[in-house]
Amino acid sequence: MLDVRTIYAEPAALELERGRQIVARWPEAEVIEVASANRIDAVHNAEENVQRWVRTKSEVLALGVRKTLTARVNGRSADWIAASASNGCAMACAYCYVPRHKGYANPITVYANIEQMIGYLRRHVVRQGPKTEPNQCDPEAWVYDLGENSDASVDAMVSDNVADLVAAFRDLPTAKASFATKLVNRDLLTYEPQGRTRVRFSVMPEKTAKLLDIRTSSVTERIAAVDDFLAAGYEVHLNLSPVVVHEEWLEDWAELLDHLNDVLSPAAKAQAAAEVIFLTHNQGLHEVNLGWHPQAENLLWRPDIQEFKVSQNGMRNVRYRAAWKAVWKQRLLDLIAERTPWLTVRYAF
């Protein structure tokens, strides 16, 4: 998945131990110093990079220092969204929202000041005190999403940041880490989370995933890994995401739910919960995708059943028309209740 040949690095990141460790993993790579790892003209602003979208993900790595340390209120996937230890991904899911902000390329940017980030998280957890009222995120623990803008299973191939974060939450009895993933990285089975990290395997019908989930583990492989991660000490949930509507979408989801019911163990079912997230797409990303994977847009860009919505940051996103989406969402929830009655849906939107 990674054949890093160029590392764009902030000088401050190269001075930190984690930065030096990352550079040492690819000793043949050219290291180019940049003022900001998040805005590199030769990477993000070069329109020709659309033609090498996937290759850039394999060959380019950006290394920086996280300047802003925050925990943002969420209430859906988690109580809090932690400041990510990375941004971008080596996988290439065609609907991913992160590239909407990145321009013409979206390789991994990894942050080297992991000790500072963990220190902030520890202090934030302590300030919250015990969780006194259950909510849909978790009945007992404050949940912190670690991978809003990345995939931690891929990040673990780049550095020890993910291992360090899992270890940190192991010692925080009032909190849990959480991240969604589409990659089965079995190195994570050695991290000993002791129930303090929740892995959310994202799944969708295999036929849809083969077109949209580029460079990921197959959906079958993700489902097969659930019990292994549970045995290794993780809490394991599912993201039914994104739900992409097309002429046979509900039949495909029925097949997937039947597979989950057949494959998962009683132990996995007993602790499982799910998030249901219908597709939101973006006009700018649609135009980028046309340059490297136009076939995906046949499913993702459906003006006949979608409507525009301007986001808080001014982007033109598209989502399924509200009245139709309400009907489709209920149909899927009814199907889940019928085919996988053990699967609690934490939220759906």
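- No more than 12 heavy-atom neighbours from other residues, nucleotides or ligands sit within 6.0 angstrom of CZ on Arg331.
- The backbone N or O of Ser150 lies less than 3.5 Å from no partner atom in the side chain of Ser86, so there is not a single donor-acceptor pair.
- Using a 3.5 Å distance cut-off with no hydrogens or angles, the side chains of Asp79 and Asn135 do pair a donor with an acceptor.
- Of the N and O atoms on the side chains of Ser265 and Asp227, at least one donor lies less than 3.5 Å from an acceptor on the other residue.
- Classification of the Phe229-Phe201 ring pair by plane angle, with boundaries at 30° and 60°, yields perpendicular.
- The closest side-chain donor-acceptor pair between Asn38 and Tyr111 falls under 3.5 angstrom.
- Under the 4.5 Å side-chain criterion, counting only non-hydrogen atoms from C-beta, Leu165 is in contact with Ile114.
- With Gln271 contributing its side chain and Ala268 its backbone, the two residues share a donor-acceptor pair below 3.5 Å.
- Defined by atom type and a distance below 3.5 Å, a donor-acceptor pair is present between the side-chain atoms of Thr181 and Asp151.
- Remark: the Thr197 side chain and the Arg170 side chain contain no N/O donor-acceptor pair separated by less than 3.5 Å.
- Side-chain contact between Thr216 and Leu183 is absent, with no heavy-atom pair separated by less than 4.5 Å.
- Looking at Glu10 and Lys67, their side chains come closer than 4.5 Å, going by heavy atoms from C-beta outward.
- Checking Arg215, Arg52, Arg5, Met1 one by one against Ser58, the side-chain contact (heavy atoms from CB on, under 4.5 Å) holds for a single residue, Arg215.
- For Phe278 and Trp328, the gap between ring centers reaches or exceeds 6.0 Å.
- When ring centroids are compared, His124 and Tyr144 come within the 6.0 Å threshold.
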Could you give me the CA-CA distance, side-chain angles and deciding distance for Tyr234 and Tyr191, then say whether ring-ring contact (aromatic ring centres under 6.0 Å, His included) is met?
CA-CA 9 Å; Tyr234 291 93; Tyr191 286 6; 7.4 Å; no
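- Taking hydrophobic clusters as Ile, Leu, Val, Met, Phe, Trp and Tyr residues chained together by side-chain heavy-atom distances below 4.5 Å, Ile22 shares a cluster with Leu14.
- Of the possible donor and acceptor atoms, none in the side chain of Arg339 sits under 3.5 Å from a partner among the backbone N and O of Asn261.
- A donor and an acceptor atom, one from each side chain of Glu297 and His281, are located under 3.5 Å apart.
- A donor-acceptor contact under 3.5 angstrom links the side chains of Tyr347 and Glu275, judged on distance only.
- In this structure, Asn317 and Arg100 approach most closely via the heavy-atom pair OD1-NH1, 3.6 Å.
- Between Val43 and Asn49, the closest heavy-atom pair is O-ND2, 2.7 Å.
- Under a cutoff of 6.0 Å and an axis angle of 45°, Arg200 and Phe179 do not form a cation-pi pair.
- Judged by distance alone, with hydrogens and angles left aside, the side-chain atoms of Glu206 form no donor-acceptor pair with the main-chain N or O of Asp252 at under 3.5 Å.
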